[in-house]
Amino acid sequence: MKISLVIPTLNAERFIGPLITRLKEQTVPIDEIVVVDSSSEDNTLAVAEKFVGVKTISIERKDFNHGGTRDLAIQQTTGDIILCITQDALPCDEHYVERLIAPFAEDEKVAMASGRQVPQIDANPIEKLTREFNYPEICFTRSIEDISRLGVKTFFASDCCSAYRRSAYVAIGGFDKHILINEDMKIAAQFIYGGYKIAYVGTAGVWHSHNYTLKQQFMRNFDVSVFMSQHPELFANVSATSEGIKMVKWVEKKLLSQGRFFSAVYYIVESGVKFLANRKGRKYKVMSIEQLKKYSMHKNYWI
């Protein structure tokens with residue numbers, strides 16, 4: 001199978017060199033890499049273009065969209081399997097690609113695979129435990145039969161480190177060209193409802209985490225809530241609360257057992273902020289453009 005890889009970038013000079021170097025070291029070679037850059041103000045493109053086999057595309061920053069920009073890059077590729085990775089994710093070892101694409105050879109119904117996100121060394125205790133809960137070091141596939149058991153977790157996937165079977169991607173029309181957030185979750189749901197399977201590969205890891213502030217957590221969860229409200233055809237009848245409650249209890253118990261009492265209190269506050277953001281996002285239809293821009297992490301979407 002021919003393998004292509006897509007990287008959206010913005011001011012990624014400090015990331016892009018080490019990332020492409022690690023990608024070039026993989027046990028299964030990547031045939032082509034496409035970097036789609038949102039008018040960086042640093043040397044992102046200059047660094048990327050030094051590598052053989054890397055194609056670059058530049059777009060206006062205002063034109064970036066999580067779905068449309070990735071699709072633009074994918075249209076420039078020819079691989080049977082298309083990998084997506086973010087600029088701040090770094091494969092943990094040289095077996096990343098080999099392990100991530102394995103499910104496609106094992107089952108022709110697998111349309112998408114996503115890997116494990118391992119917290120970086122500077123991740124705070126809450127972020128480390130959240131990643132540990134969401135990204136275990138196991139492998140499994142999900143299909144439409146799992147919705148009743150897993151709820152919205154059935155569609156859990158991330159373009160931080162993912163791979164797609166081109167034929168399946170084309171069959172369902174690819175990413176939405178204009179989407180607020182969670183283009184990966186939406187296409188995963190479309191695959192599931194379309195009779196395909198999606199795989200989680202916990203042995204294919206990348207170093208990736210964020211220490212979001214409370215404000216950033218609010219904005220991100222507001223956007224996620226808006227996104228799910230915009231697509232009732234996919235998520236209206238799927239449970240989205242039970243897994244969240246399970247995670248909160250698990251993380252809180254771990255923090256207390258580790259003696260991290262300040263973090264345990266902070267996590268309760270953070271969970272409350274996420275809850276409020278979720279409630280606020282459901283009411284996005286009655287908000288003004290100014291309010292939506294205020295609450296959203298992705299301002300350009302609302303222009």
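Cluster annotation: Phe218 is connected to Ile126 through the hydrophobic network of ILVMFWY side chains, with a link wherever side-chain heavy atoms come within less than 4.5 Å. In the hydrophobic cluster analysis, where Ile, Leu, Val, Met, Phe, Trp and Tyr join through side-chain heavy atoms closer than 4.5 angstrom, Phe175 is grouped apart from Leu5. There is no path of hydrophobic side-chain contacts, each under 4.5 Å, that joins Leu72 to Leu45. Grouping the Ile, Leu, Val, Met, Phe, Trp and Tyr side chains by contacts below 4.5 angstrom, directly or via other members, places Val110 apart from Tyr164.
For the residue pair Thr44 / Glu13, no side-chain donor-acceptor distance below 3.5 Å is found, with atom types taken as modelled. Thr203 and Glu137 share no donor-acceptor pair across their side chains, judged by distance under 3.5 Å alone. Using a 3.5 Å distance cut-off with no hydrogens or angles, the side chains of Ser296 and Asp223 do pair a donor with an acceptor.
Between Thr213 and Gln216, some side-chain heavy-atom pair lies under the 4.5 Å cut-off. With contacts defined as side-chain heavy-atom distances shorter than 4.5 Å, the pair Val54/Glu49 does not qualify. You'll find the side chain of Tyr295 stays beyond 4.5 Å of the side chain of Tyr284, heavy atoms only. Side-chain contact check for Phe133 versus Lys254: every heavy-atom pair is 4.5 Å or farther apart. Taking the side chain as every heavy atom from C-beta outward, Phe155 and Val238 approach each other to under 4.5 Å.
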Decide salt bridge (charged side-chain N to carboxylate O under 4.0 Å, His left out) for Arg70 and Glu183; before the verdict, give the C-alpha distance in whole Å, the side-chain angles of both, and the deciding distance to 0.1 Å.
CA-CA 9 Å; Arg70 285 180 170 85; Glu183 80 294 335; 3.6 Å; yes
Run the salt bridge (charged side-chain N to carboxylate O under 4.0 Å, His left out) check on Arg61 and Glu41 step by step: do they pass?
CA-CA 11 Å; Arg61 191 172 304 181; Glu41 297 165 348; 3.5 Å; yes
Could you walk me through whether Asp80 and Arg165 pass salt bridge (charged side-chain N to carboxylate O under 4.0 Å, His left out), step by step?
CA-CA 6 Å; Asp80 304 295; Arg165 190 187 300 273; over 6 Å; no
Evaluate Asp146 against Arg149 for salt bridge (charged side-chain N to carboxylate O under 4.0 Å, His left out), listing each step before the verdict.
CA-CA 5 Å; Asp146 293 302; Arg149 178 174 61 90; 2.9 Å; yes
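In this structure, Gln87 contributes its side chain and Ile7 its backbone to no donor-acceptor pair below 3.5 Å.
Salt bridge Arg22/Glu25: present, at least one basic N to carboxylate O contact under 4.0 Å. Taking the charged nitrogens against the carboxylate oxygens, Arg99 and Asp93 do have a contact shorter than 4.0 Å, which makes a salt bridge. A salt bridge links Arg131 with Glu127: at least one charged nitrogen is closer than 4.0 Å to a carboxylate oxygen.
Ring pair His178/Tyr301 is parallel by interplanar angle, where below 30° counts as parallel and above 60° as perpendicular.
When each of Arg282, Arg220, Arg279 is paired with Ser225, the side-chain contact (heavy atoms from CB on, under 4.5 Å) condition holds for Arg282 and for no other.
Seen from the ring of Phe156, Lys153 counts as a face-on cation partner, given the 6.0 Å and 45° thresholds.
For Ala277 against Asn221, the heavy-atom pair with the smallest separation is CB-CB, 3.8 Å.
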